[in-house]
Amino acid sequence: MKHIKVFAPGTVANLGCGFDIMGLTLDGVGDRIEVAAEAGASGLAIRNESGKRLPEKPEDNVITPAVAALLEAYGKPVRVEITILEKIAPGSGIGSSAASSAAAVYGLNERLVEFAMMGEALIGGTPHADNVGPALLGGVVLIRGYGPLDIIRLPVPDDFFYAVAHPDIVVGTKEAREVLPREIPMAHAVTQWGNVGGLVAGLALGDVALIGRSMHDVVAEPYRKGFIPGYDRLKEEVLSEGALAMNIAGSGPSVFALAAEGSVSERVAERMKSHFAGLGIGCNIYAGRVSNRGARIEE
Ligand code: HSE
């Protein structure tokens, strides 16, 4: 069997106002897996050598529906063996499930985003592409539509940095989706449309200030921030450090901020860490550039 090594980066979904339709790619954090495939035989084996706790049964691993969707479309028996070598902490909110699904299907084949979305359905109940899109393609990704899937890669400004904090608390994606309102008042929809337009325009124009003021979200953040201790105070502190904006990373519990300078993103990540430490909550932090590179084969 031919073995290949694949890396898929961590991602931040929603970018504040773009619930289920926007995501960006993180530099320096992601999943590493090894994929082997053999035509003629069938079956899927998943080995976990990452040191992170993952579901023991293959049917509970996001890789399984993603690979099954791909193999079904392929229409021929294939035996697949996957070894997970490095893993973003599951449930972090920075696209842990998306990175696994993206790495697995990238290692295997073509209509990648559609297949990888099946892994997201296992975790969140709905197949959405705002983590798997950037995990596969890199940069900032807009999902203009789901039926059919219409994905647009947006330019990333040259000086564009992130800070992410993953506090040691658990917020399930399903639970975080269930707290959202089923209907949105027209006034909130108008606010959100304006911000999504501003965010896309800011990225297209390279206007980081416009990006920052457009990340405001009235659809998900007000309902989800209660899961994150001291959220409003943290946001004030982060903005006072010079961040362009802060919001929840995907469905949380990670929070993320954007900045126009690397030194600001590093300072903001430390500030996030001390915020959670002050509440007795451990936390992993990451800071770096927003990346233009998605999943890739590694030597
Ligand atoms: N858009 C998704 C959500 C991302 O916010 O629920 C998490 O998978």
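Whatever order the structure lists ligands and atoms in, that order sets their numbers, starting from 1.
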Item to check | Protein residue, atom and distance nearest to atom 8 (O) of ligand 1, heavy-atom basis | outcome: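 Here the nearest protein heavy atom works out to H128 NE2, 2.7 Å.
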Item to check | atom 6 (O) of ligand 1: nearest protein contact (heavy atom, Å) | outcome: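 Nearest neighbour among protein heavy atoms for atom 6 (O) of ligand 1, to 0.1 Å: R177 NH1, 2.7 Å.
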Enumerated ligand 1 atoms positioned under 4.0 Å from heavy atoms of [X]:
X    : value
N131 : 4 (C), 7 (C), 8 (O)
A13  : 4 (C)
D20  : 1 (N), 2 (C), 3 (C)
F19  : 3 (C), 5 (O), 6 (O)
R224 : 3 (C), 5 (O), 6 (O)

Next on the checklist: Any side-chain to backbone donor/acceptor pair from T173 onto S251? Under 3.5 Å, distance only.
Outcome noted: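 No, because the side chain of T173 does not come within donor-acceptor range (under 3.5 Å) of the backbone of S251.
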Checklist entry - R177 side chain to G172 main-chain N or O, any donor-acceptor pair under 3.5 Å? => result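 Pair absent, no side-chain N/O of R177 close to backbone of G172.
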Checklist entry - Which heavy-atom pair separates F227 from E175 by the least distance, and what is that distance? => result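 Distance-wise, the nearest heavy atoms are CE2-OE2, 3.6 Å.
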Check ion pair [X]-[Y] (N to O, under 4.0 angstrom):
X    : Y    : value
E237 : R233 : yes
K225 : D217 : no
K5   : E298 : no

Checklist entry - Tell me, do P90 and L54 make a side-chain contact under 4.5 Å, heavy atoms counted? => result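 Sidechains of L54 and P90: in contact.
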Checklist entry - Which option out of S97, A176, A249, S251 puts a heavy atom nearest to atom 7 (C) of ligand 1? => result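 Looking at heavy atoms only, the winner is S251.
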Next on the checklist: Quick check: N14 and ligand 1, any N/O pair under 3.5 Å apart?
Outcome noted: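 The answer is yes, given that N14 and ligand 1 share an N or O pair closer than 3.5 Å.
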